[in-house]
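For reference, the structure discussed in these notes is given below.
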Amino acid sequence: MKKLFLYIAIFISICSFVSPSFTEVLRAIRSGNSADVSKYFDNTVEITLAEKSNSYSKSQGELVLHDFFANNLVKDFEIIHQSDKGGSQYCIGNLITNNGTFRTTIFMKQKGDREFLQELRFEK
């Protein structure tokens with residue numbers, strides 16, 4: 001029972017400073033849905049994978065992410081650290097897939113009234 005209260009307290013503290021769009025990106029990554037993640041891409045997005053790193057347009061980035069998720073079926077995403085500072089948010093976590101765990105970094109930045117995904121890193 002104490003663990004349940006601890007998990008609820010952690011969840012509430014994380015949600016208290018996380019924006020709705022950041023929450024949606026985390027949900028989409030947790031489900032391995034590249035189309036939903038790409039809705040939040042900026043005009044260009046930096047994607048780093050074990051074999052390549054590059055800046056991609058929205059459509060190219062969605063294809064790269066789709067291929068990554070197709071080859072690495074997502075089982076879960078565990079948040080290790082999360083922060084919000086001056087219109088920017090980032091998260092470090094472990095993406096657990098059928099091919100192992102990837103240390104994942106997500107960086108979003110406020111532009112006008114929206115937040116955009118600037119960078120995604122998946123490191124084995």
Side-chain angles (χ1 to χ4, degrees):
M1 189 66 147
K2 288 182 183 181
K3 281 188 177 182
L4 176 63
F5 288 124
L6 176 64
Y7 290 134
I8 291 171
I10 290 170
F11 178 76
I12 290 170
S13 66
I14 288 172
C15 291
S16 65
F17 67 90
V18 176
S19 71
S21 55
F22 198 75
T23 302
E24 285 299 309
V25 169
L26 293 176
R27 183 199 54 76
I29 288 173
R30 186 171 279 121
S31 66
N33 189 326
S34 60
D36 283 351
V37 174
S38 68
K39 290 177 186 177
Y40 297 95
F41 284 173
D42 201 350
N43 292 330
T44 59
V45 61
E46 181 77 23
I47 299 177
T48 301
L49 304 171
E51 65 277 359
K52 59 185 165 186
S53 177
N54 208 343
S55 286
Y56 300 97
S57 68
K58 290 180 184 184
S59 58
Q60 290 172 323
E62 197 275 329
L63 289 173
V64 169
L65 196 57
H66 180 269
D67 288 345
F68 175 77
F69 287 150
N71 293 321
N72 300 282
L73 300 176
V74 177
K75 294 181 179 181
D76 197 10
F77 180 72
E78 300 170 343
I79 296 171
I80 296 171
H81 178 73
Q82 197 167 341
S83 182
D84 180 4
K85 183 176 180 181
S88 298
Q89 293 188 47
Y90 76 93
C91 175
I92 299 170
N94 288 323
L95 184 71
I96 301 164
T97 73
N98 65 324
N99 289 322
T101 301
F102 292 86
R103 184 172 179 90
T104 304
T105 305
I106 304 161
F107 177 72
M108 293 186 74
K109 189 170 185 176
Q110 184 83 28
K111 284 187 169 182
D113 61 345
R114 286 195 58 209
E115 287 181 310
F116 293 96
L117 188 55
Q118 303 283 315
E119 184 176 357
L120 274 173
R121 289 178 181 241
F122 299 98
E123 301 166 313
K124 195 114 182 167

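- Residues Asn99 and Lys124 have side chains in contact (heavy-atom distance under 4.5 Å, counting atoms from C-beta outward).
- In this structure, the side chain of Arg30 engages the main chain of Phe77 through a donor-acceptor pair within 3.5 Å.
- The distance from the CG atom of Leu26 to the OG atom of Ser31 is 11.0 Å, given to the nearest 0.5 Å.
- Linking Ile, Leu, Val, Met, Phe, Trp and Tyr whenever their side-chain heavy atoms come within less than 4.5 Å puts Ile79 and Phe102 in one cluster.
- A pairwise comparison of heavy atoms in Phe22 and Cys91 identifies CZ-CB, 3.5 Å as the closest pair.
- A distance-only check finds no donor-acceptor pair linking the side chain of Asn94 to the backbone of Thr101 [under 3.5 Å].
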For Ile96 and Glu78: C-alpha separation, side-chain torsions, deciding distance, then whether side-chain contact (heavy atoms from CB on, under 4.5 Å) applies. CA-CA 8 Å; Ile96 301 164; Glu78 300 170 343; 3.4 Å; yes
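- Tyr56 and Phe116 are assigned to two separate hydrophobic clusters, defined by single-linkage of ILVMFWY side chains at heavy-atom distances under 4.5 Å.
- Heavy atoms only, all atoms of each residue included: Asp36 and Tyr40 are closest at O-CD1, 3.5 Å.
- Checking Gln89 against Glu115 by side-chain atom types alone, a donor-acceptor pair falls below 3.5 Å.
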Start with the C-alpha gap between Asp42 and Lys58, add the side-chain angles, then the distance that decides, and say whether salt bridge (charged side-chain N to carboxylate O under 4.0 Å, His left out) holds. CA-CA 7 Å; Asp42 201 350; Lys58 290 180 184 184; over 6 Å; no
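- A distance of 10.0 Å separates CG in Asn71 from NE2 in His66, rounded to the nearest 0.5 Å.
- Closest approach of Ser53 and Thr48 over heavy atoms only: OG-OG1, 3.0 Å.
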The test is side-chain contact (heavy atoms from CB on, under 4.5 Å); show your working for Ile29 and Ile106 and say whether it passes. CA-CA 10 Å; Ile29 288 173; Ile106 304 161; 3.5 Å; yes
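- Between the side chain of Asn98 and the backbone N or O of Val74 there is no donor-acceptor pair closer than 3.5 Å.
- Here the closest heavy-atom approach between residue Gly61 and residue Phe41 is recorded as C-CE1, 3.5 Å.
- Taking OG1 of Thr104 as the start and CG of Leu95 as the end, the distance is 4.5 Å to the nearest 0.5 Å.
- Of all non-hydrogen atoms in Glu62 and Ser34, the two that sit nearest each other are OE2-OG, 2.8 Å.
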side-chain contact (heavy atoms from CB on, under 4.5 Å) between Met108 and Ser21, intermediate numbers included: CA-CA 9 Å; Met108 293 186 74; Ser21 55; 4.1 Å; yes
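- The distance from the CG atom of Leu73 to the OG1 atom of Thr97 is 8.0 Å, given to the nearest 0.5 Å.
- Heavy-atom minimum distance, Leu117 versus Phe107: CD1-O, 3.5 Å.
- Looking at Arg103 and Ile92, their side chains come closer than 4.5 Å, going by heavy atoms from C-beta outward.
- Ring pair Phe122/Phe68: centre-to-centre distance below 6.0 Å.
- Using a distance-only test at 3.5 Å, with no hydrogens or angles considered, a donor-acceptor pair links the side chain of Gln60 to the main chain of Ser57.
- Checking each of Val64, Val37, Val25, Thr105 against Leu120 for a side chain to side chain contact (heavy atoms under 4.5 Å, CB included) leaves exactly one that passes, namely Val37.
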